[in-house]
Amino acid sequence: MKVIATFDIGTTNVKGVLMDEGGNPLFSRSIRIETLYRGDSAIYIEQNPQDWYDAFCEISRSFFEVYQPMDVAGIVMSGQMQDLILLNSLGDPVMDAILYSDTRAEAEAEEILRIIGRELVERITANAFDGSRPFAKLLWIKRHLPKVFDAASNVLLSAKDYIITRLTGEFVSDVVSCSTAGLMDIENISWQEDWLHQIDLRGVMWPKICFPHHKAAHVTEKAAMETGYAAGTPVFAGSGDAGSATLASGILSDGEFNINLGTSGWVAAISAKPYRSAGVSNLVSMSEDVFINVVPFYNAGNKLTDGR
């Protein structure tokens with residue numbers, strides 16, 4: 001029987017589920033990972049990409065206690081997105097990954113908006129632009145850690161992208177994650193290379209943009225030795241976690257929406273075009289012809305604990 005190795009490279013845990021081709025879970029495991037918090041006026045929030053890969057390998061070896069490597073038809077992942085992951089040409093990290101919630105690059109974001117223009121940036125990306133965007137964080141690295149910037153040759157944006165690079169040697173990301181970079185033309189699905197020239201951030205390559213169902217590449221011989229997967233196993237681009245959550249809710253077509261409730265919450269809708277309005281974030285959907293529109297709200301389930 002063929003099986004599919006699925007993973008979510010999350011903020012607090014790396015989770016793996018081995019599934020049959022009908023989507024039924026066969027085995028699962030979760031490993032907690034460490035987040036590093038530093039800084040005073042700004043909050044520096046980082047993780048070590050090697051921790052993601054170590055957890056991925058450990059979970060994968062657990063799979064092979066149940067099924068053989070040749071049984072795995074493919075590897076597909078979701079993961080935290082809007083990170084800045086800097087690698088050298090060999091695919092090795094040149095520093096810890098800067099997470100989506102890190103706030104260090106607010107001044108750099110304002111400078112980018114001053115040089116390029118807020119209206120143009122927000123119209124092309126269909127999103128508000130601030131210091132959480134990887135584009136702004138890359139400028140922070142050049143300003144404050146120039147030796148790190150000089151050592152970097154590639155940018156990745158989602159934690160699962162790093163696992164893909166380790167498995168295949170390729171530098172790719174998915175359309176959902178790339179929508180959060182602050183650099184992608186959301187309707188033409190392409191990087192704004194001229195902005196990199198304007199801000200003088202040349203010399204660092206941004207990942208190839210793929211749809212989640214596209215095959216990124218195959219497991220290399222080196223990765224096979226490290227992980228236990230058979231060399232040549234297909235690895236798919238996968239999706240940033242917001243895309244996976246939206247797909248799992250069952251909304252697929254223009255006009256459909258869902259409500260997500262937890263301590264905080266958000267409303268997600270599907271539309272044929274980006275919805276350009278204050279407070280709305282837009283992502284290219286996992287499907288190739290629609291977009292995800294997200295409106296967060298911060299008072300949801302937490303109101304149930306008021307007064308207790």
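Since the structure is predicted, the reported quantities are computational estimates derived from the model, not experimental observations.
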### Query
Does Phe291 belong to the same Ile/Leu/Val/Met/Phe/Trp/Tyr cluster as Met81, with side-chain heavy atoms less than 4.5 Å apart forming each link?
yes
### Message
Check this for me: does any side-chain nitrogen of one of Glu170 and Lys215 sit under 4.0 Å from a carboxylate oxygen of the other?
### Response
no
### Query
Centroid-to-centroid, Tyr229 to Phe63, below 6.0 Å?
no
### Summary
When every non-hydrogen atom of Ile209 is compared with those of Cys178, the smallest separation belongs to CG1-SG, 3.9 Å
#### Entry: Met19 with Met286, same ILVMFWY side-chain cluster at under 4.5 Å
no
### Task
Give a yes or no answer on whether the side chain of Arg61 reaches the backbone of Thr227 with a donor-acceptor pair at less than 3.5 Å.
no
### Query
For Val155 and Leu84, what are the C-alpha separation, side-chain angles and deciding distance, and is it a side-chain contact (heavy atoms from CB on, under 4.5 Å)?
CA-CA 7 Å; Val155 169; Leu84 181 70; 3.9 Å; yes
### Message
Please report the interatomic distance CD(Glu34) to CG(Asn48), rounded to the nearest 0.5 Å.
### Response
9.0 Å
### Separation between OG of Ser277 and CG of Asn293, rounded to the nearest 0.5 Å
10.0 Å
### Which atom of Ile164 lies closest to which atom of Ala216, heavy atoms considered
CG2-CB, 3.9 Å
## Note on the structure
For Val284 and Met184, the nearest pair of non-hydrogen atoms, with its separation, is CG2-CE, 3.7 Å
### Task
Check Ser179 against Asn127 and note the closest heavy-atom contact, atom names and distance.
O-ND2, 3.4 Å
### Task
Kindly determine whether Thr180 and Tyr100 satisfy side-chain contact (heavy atoms from CB on, under 4.5 Å), including the steps that lead there.
CA-CA 9 Å; Thr180 70; Tyr100 54 92; over 6 Å; no
### Task
Starting at CH2 of Trp266, measure out to CG of Asn258 and round the result to the nearest 0.5 Å.
8.0 Å
### Query
Do Ile124 and Trp195 have side-chain heavy atoms sitting under 4.5 Å apart?
yes
### Task
Hydrophobic side-chain clustering at under 4.5 Å (ILVMFWY, transitive links): who's grouped with Met205? Put none if nobody.
none
### Task
Could you walk me through whether Arg29 and Glu65 pass the salt bridge (charged side-chain N to carboxylate O under 4.0 Å, His left out) test, one step at a time?
CA-CA 12 Å; Arg29 187 175 175 192; Glu65 296 174 5; over 6 Å; no
### Query
Should Lys273 and Glu187 be marked as a salt bridge (charged side-chain N to carboxylate O under 4.0 Å, His left out) after you check the CA-CA gap, both sets of side-chain angles, and the distance that decides it?
CA-CA 8 Å; Lys273 292 286 185 181; Glu187 294 194 79; 3.4 Å; yes
### Single-linkage hydrophobic cluster Phe64~Met77, side-chain heavy atoms < 4.5 angstrom
yes
### Query
When clusters are formed by joining ILVMFWY residues with side-chain heavy atoms under 4.5 Å apart, either directly or through shared neighbours, do Val66 and Val17 land in the same one?
no
### Task
State the OG1-NZ distance between Thr103 and Lys137, to the nearest 0.5 angstrom.
8.5 Å
### Task
Can you establish whether the number of heavy atoms outside Glu119 located under 6.0 Å from its atom CD is more than 12?
yes
### Query
Taking the six-membered ring for Trp, are Trp191 and Trp206 parallel (under 30°), tilted (30 to 60°) or perpendicular (over 60°)?
tilted
### Task
Write down the atom of Asp130, the atom of Ser132, and the distance for their closest heavy-atom approach.
OD1-OG, 2.5 Å
### Query
Nearest 0.5 Å, what's the CZ-CG distance between Phe129 and Leu183?
8.5 Å
### Task
Assign the ring pair Phe211 / His214 to parallel, tilted or perpendicular, where the plane angle (0 to 90°) is split at 30° and 60°.
perpendicular
### Message
Tell me if the OH atom of Tyr275 is crowded by more than 12 foreign heavy atoms within 6.0 Å.
### Response
no
### Task
Treat each ILVMFWY residue as a node, draw an edge where side-chain heavy atoms are under 4.5 Å apart, and state whether Ile163 and Leu18 are in one component.
yes
### Query
How about Gln68: does its CD atom have over 12 heavy atoms from other parts shown lying under 6.0 Å from it?
no
### Query
Is Met70 atom CE crowded by more than 12 heavy atoms from other residues, nucleotides or ligands, each under 6.0 Å away?
no
### Query
Taking side chain as C-beta onward, heavy atoms only, is Asp241 less than 4.5 Å from Gln80?
yes
### Message
Just by distance, no angles: are the side chains of Ser153 and Asn88 close enough, under 3.5 Å, to form a donor-acceptor pair?
### Response
no
### Task
May I ask you to decide whether Glu110 forms a salt bridge with Arg118, counting only side-chain N to carboxylate O separations under 4.0 Å?
yes
